[in-house]
Trainee: 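A single structure is presented below for examination.
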Amino acid sequence: MNNNKEKDRILAEIKAFKKPCKIADLSKYLFDLERDGYVKVWRNEQSHPITVRLTPQGNAFLESGGYANIDRKYRNGCSRKLIVIVLSWIFGIVATVIGGWIVWKLTSSTEGL
């Protein structure tokens, strides 16, 4: 799984009130989730998480598709940009060829004069 799918899985497990010690790879992504404002963490004296809960923002984020939705939007945006770039190159090449052909026709028709 990629990082964003892992984060979505962890958010779903937190939403299901799973204990922090039972959530795989929680410590790896907990700082990111807390920094983004999606979870609230209560810690003991040794800074180990005792309880992890979704914030209202985290719940809304998970319901809207989570990190996978962000990935999807990014990929769609990149593919649209790529299509625009490719089409502009094709248009430029076609315009150059047509312009060259027009210049060639104009110069070849004046040779006989």
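Predicted model only: the values in this text are computed from it and were never measured. This chain uses plain numbering: 1 for the first residue, then up along the sequence.
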Trainee: Lys5 and Asp8: side-chain contact (heavy atoms from CB on, under 4.5 Å), yes or no, with the steps?
Mentor: CA-CA 5 Å; Lys5 286 184 180 181; Asp8 284 342; 5.6 Å; no

Trainee: Measure the shortest side-chain to side-chain distance between Ile23 and Tyr29 over non-hydrogen atoms and say whether it is less than 4.5 angstrom.
Mentor: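 Not in contact.
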
Trainee: Should Leu26 and Glu13 count as side-chain neighbours, where that means a heavy-atom distance under 4.5 Å?
Mentor: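 Side-chain contact under 4.5 Å: no.
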
Trainee: May I ask you to test the Arg53-Trp42 pair for a side-chain heavy-atom distance under 4.5 Å?
Mentor: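 Heavy-atom side-chain distance check passes, below 4.5 Å.
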
Trainee: Looking only at heavy atoms, what is the nearest atom pair of Pro49 and Val41, with distance?
Mentor: CB-CG1, 3.9 Å

Trainee: For the CH2 atom on Trp89, are there more than 12 heavy atoms of other groups (residues, nucleotides or ligands in this structure) within a distance under 6.0 Å?
Mentor: no

Trainee: Mind running side-chain contact (heavy atoms from CB on, under 4.5 Å) on Tyr67 and Leu11 for me, showing each step along the way?
Mentor: CA-CA 10 Å; Tyr67 288 99; Leu11 285 173; 4.1 Å; yes

Trainee: Could you tell me which non-hydrogen atom of Gly37 sits nearest to which non-hydrogen atom of Thr55, and how far apart they are?
Mentor: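 Closest approach of Gly37 to Thr55, heavy atoms only: O-OG1, 2.6 Å.
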
Trainee: Could you see if Val94 belongs to whatever hydrophobic cluster contains Trp101? Use Ile, Leu, Val, Met, Phe, Trp, Tyr and a side-chain cutoff under 4.5 Å.
Mentor: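 As far as the 4.5 Å side-chain criterion goes, Trp101 and Val94 are connected within one cluster.
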
Trainee: Considering all heavy atoms of both residues, which atom of Arg43 and which atom of Ile50 are nearest to each other, and what is their separation?
Mentor: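 Shortest heavy-atom contact: C-CD1, 3.6 Å.
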
Trainee: Give, for atom CZ of Phe61 and atom CG of Asp36, the distance between the pair rounded to the nearest 0.5 Å.
Mentor: 7.5 Å

Trainee: Indicate yes or no: does Asp32 engage Arg35 in a salt bridge with an N to O separation below 4.0 Å.
Mentor: yes

Trainee: Kindly work out whether a path of hydrophobic side-chain contacts (I/L/V/M/F/W/Y, heavy atoms less than 4.5 Å apart) joins Ile98 to Trp104.
Mentor: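 Yes; tracing contacts between hydrophobic side chains, which count when under 4.5 Å, links both residues.
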
Trainee: For Asp25 and Glu6, indicate whether the former's side chain and the latter's backbone hold a donor-acceptor pair under 3.5 Å.
Mentor: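 Checked: no pair found.
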
Trainee: Only one of Val39, Leu54, Ile10 forms a side chain to side chain contact (heavy atoms under 4.5 Å, CB included) with Lys15, so which one is it?
Mentor: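 For Lys15, the side chain to side chain contact (heavy atoms under 4.5 Å, CB included) test succeeds with only one of Val39, Leu54, Ile10, which is Leu54.
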
Trainee: Quick check for you: to the nearest 0.5 Å, what is the distance between Ser64 atom OG and Asn59 atom CG?
Mentor: 10.0 Å

